[in-house]
Amino acid sequence: MTGSTWVLWWKDAQGTASLGLLQERLLRGLRASLRGRWSMDIRLFHTPHNFVELQQLKVSSSESSQPITRGTASDQSMYLVARGQGATRRQYFVMASNRVVIETEPEMESMILRLKNLWTPRQTARIEGYSYEGNDWVIRTGNLMVGTSYKGLIIEINYLPCSNPELTRGLMRELLMLILPHDAFVDPNNGVDYRRASLDPDRMTDRHTAYQYVHLFTQSSLL
């Protein structure tokens, strides 16, 4: 996926009714085409260690006298962001207080699950909905479930011609205003600092999108 992406949370959405409203406004109002179903999974893992300690597990005993720099509480958390199913599945791990974002092979998740003494799965969020395409944009909408609890609706806007988020935010905001009710309570997921994870703030990639999801879920205490 290329272009610039914006991930938002419609907090007071009403499940199937809200999903249907967005579909009607996208298909009839914006003349979008329905690309098909869309889903994402976000999973939280926890470890009794922190990231700095994990990095130092290989330190030899001769170096053990050196002082150890402690991490923060969030160093003990790792997030898996997975989109798609089967052969099209792509997944990303965000870790180390959200300072590291890596894309991995699908087998990595099963490997992590086998390391029960190191990483323990805590919570899982699931997004299920639909993907729509316009002339130069793709919009994905899906109901958000955290465990068995409904938590509103996620909207992902992807503006294809440009990968600079600062240059495209105004255009994506206009698209959002055309499909949302005027009184919708939306978390715009502001304050995403890509530099924190050594990501280029002027050119978005799929790693940036995964980072946006983790930022939204952590800042809003969804996971």
Side-chain angles (χ1 to χ4, degrees), residues 1 3-44 79 81-83 94 98 123-194 201 204 206 208-223:
M1 182 176 61
S4 181
T5 303
W6 187 15
V7 178
L8 310 100
W9 176 28
W10 182 1
K11 301 173 72 171
D12 59 347
Q14 302 298 312
T16 302
S18 296
L19 203 61
L21 172 66
L22 293 182
Q23 183 170 95
E24 180 178 3
R25 293 187 175 185
L26 282 161
L27 295 180
R28 296 185 180 181
L30 297 183
R31 302 295 182 181
S33 58
L34 178 62
R35 296 179 63 180
R37 297 196 65 86
W38 169 65
S39 66
M40 282 195 64
D41 296 287
I42 298 95
R43 177 173 285 189
L44 169 63
Y79 298 87
V81 180
R83 58 193 309 145
V94 182
N98 299 351
Q123 289 181 290
T124 298
R126 174 80 172 171
I127 305 168
E128 289 187 304
Y130 300 92
S131 177
Y132 307 87
E133 185 173 10
N135 291 331
D136 51 11
W137 50 262
V138 174
I139 294 180
R140 301 172 177 89
T141 64
N143 285 318
L144 170 62
M145 300 291 295
V146 178
T148 58
S149 300
Y150 176 72
K151 294 294 184 178
L153 194 146
I154 295 294
I155 301 173
E156 180 185 308
I157 304 175
N158 180 216
Y159 182 70
L160 300 172
C162 180
S163 60
N164 188 311
E166 292 302 319
L167 297 178
T168 57
R169 183 57 62 92
L171 293 169
M172 291 191 286
R173 186 176 287 109
E174 290 180 11
L175 279 173
L176 187 67
M177 293 175 63
L178 290 173
I179 62 174
L180 276 179
H182 67 89
D183 58 347
F185 185 23
V186 175
D187 182 338
N189 197 18
N190 290 326
V192 181
D193 183 7
Y194 296 115
M204 292 199 69
D206 288 345
H208 290 69
T209 302
Y211 188 76
Q212 275 196 65
Y213 275 97
V214 171
H215 180 272
L216 174 64
F217 276 63
T218 54
Q219 294 302 307
S220 303
S221 300
L222 286 166
L223 285 181

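Predicted, not measured: the structure shown is a model, and the values here were computed from it.
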Which heavy atom of Pro165 sits nearest to which heavy atom of Met204, and what is that distance? CD-CG, 3.9 Å
Taking every non-hydrogen atom, the tightest pair across Arg25 and Ile179: CD-O, 3.2 Å
Looking at side-chain heavy atoms only, is the closest gap between Val192 and Val7 below 4.5 Å? no
Spacing of CG belonging to Asn158 relative to CG belonging to Leu175, to within rounding of 0.5 Å: 11.0 Å
Determine yes or no for a side-chain-to-main-chain donor-acceptor pair under 3.5 angstrom, with Tyr150 supplying the side chain and Gly15 the backbone. yes
Run the side-chain contact (heavy atoms from CB on, under 4.5 Å) test on Tyr79 and Asn98 for me, step by step, so that the C-alpha distance in whole Å, both residues' side-chain angles and the decisive distance to 0.1 Å come before the verdict. CA-CA 9 Å; Tyr79 298 87; Asn98 299 351; 4.0 Å; yes
Rounded to the nearest 0.5 Å, what's the gap from CG on Leu30 to CD on Glu133? Could you check? 13.5 Å
Knowing that exactly one of Leu223, Thr5, Val94, Ile127 qualifies, which makes a side-chain contact (heavy atoms from CB on, under 4.5 Å) with Tyr213? Ile127
Considering non-hydrogen atoms only, spot the tightest contact between Asp193 and Tyr211 and give its length. O-OH, 3.3 Å
Work out which heavy atom in Trp137 is nearest to a heavy atom in Ala32; give both atom names and the distance. CH2-CB, 3.5 Å
Leu27 versus Ser33, closest heavy-atom pair with distance: CD2-C, 4.3 Å
Is there a side-chain contact (heavy atoms from CB on, under 4.5 Å) between Glu156 and Thr209? Walk through the geometry before answering. CA-CA 9 Å; Glu156 180 185 308; Thr209 302; 4.2 Å; yes
When rounded to the nearest 0.5 Å, the distance separating CG of Asp41 from CZ of Arg83 is 11.5 Å
If we ignore hydrogens and angles and just use 3.5 Å, is the side chain of Trp9 paired with the main-chain N or O of Lys151 as donor and acceptor? yes
Taking the side chain from Gln14 and the backbone from Asp12, do they hold a donor-acceptor pair closer than 3.5 Å? yes
Exam field: side chain Trp38 to backbone Ile139, donor-acceptor pair closer than 3.5 Å: no
Check for a donor-acceptor pair, side chain of Arg37 on one end and backbone N or O of Glu128 on the other, with a separation under 3.5 Å. no
d(Glu24 CD, Leu19 CG) to nearest 0.5 Å is 12.5 Å
Test side-chain contact (heavy atoms from CB on, under 4.5 Å) on Asn143 and Met145 and set out the steps. CA-CA 7 Å; Asn143 285 318; Met145 300 291 295; 5.6 Å; no
Any donor-acceptor pair under 3.5 Å linking the side-chain atoms of His215 with those of Asn189? yes
If you compare all heavy atoms of Leu153 against all heavy atoms of Leu22, which two are closest, and at what distance to 0.1 Å? CD2-CD1, 3.6 Å
Separation between NZ of Lys11 and CG of Leu144, rounded to the nearest 0.5 Å: 12.0 Å
Looking only at the side chains, is there a donor atom on one of Arg35 and Tyr132 sitting less than 3.5 Å from an acceptor on the other? no
Value for CG (Leu176) from CD1 (Ile155), rounded to nearest 0.5 Å, stands at 5.5 Å
Determine yes or no for a side-chain-to-main-chain donor-acceptor pair under 3.5 angstrom, with Asp187 supplying the side chain and Leu8 the backbone. no
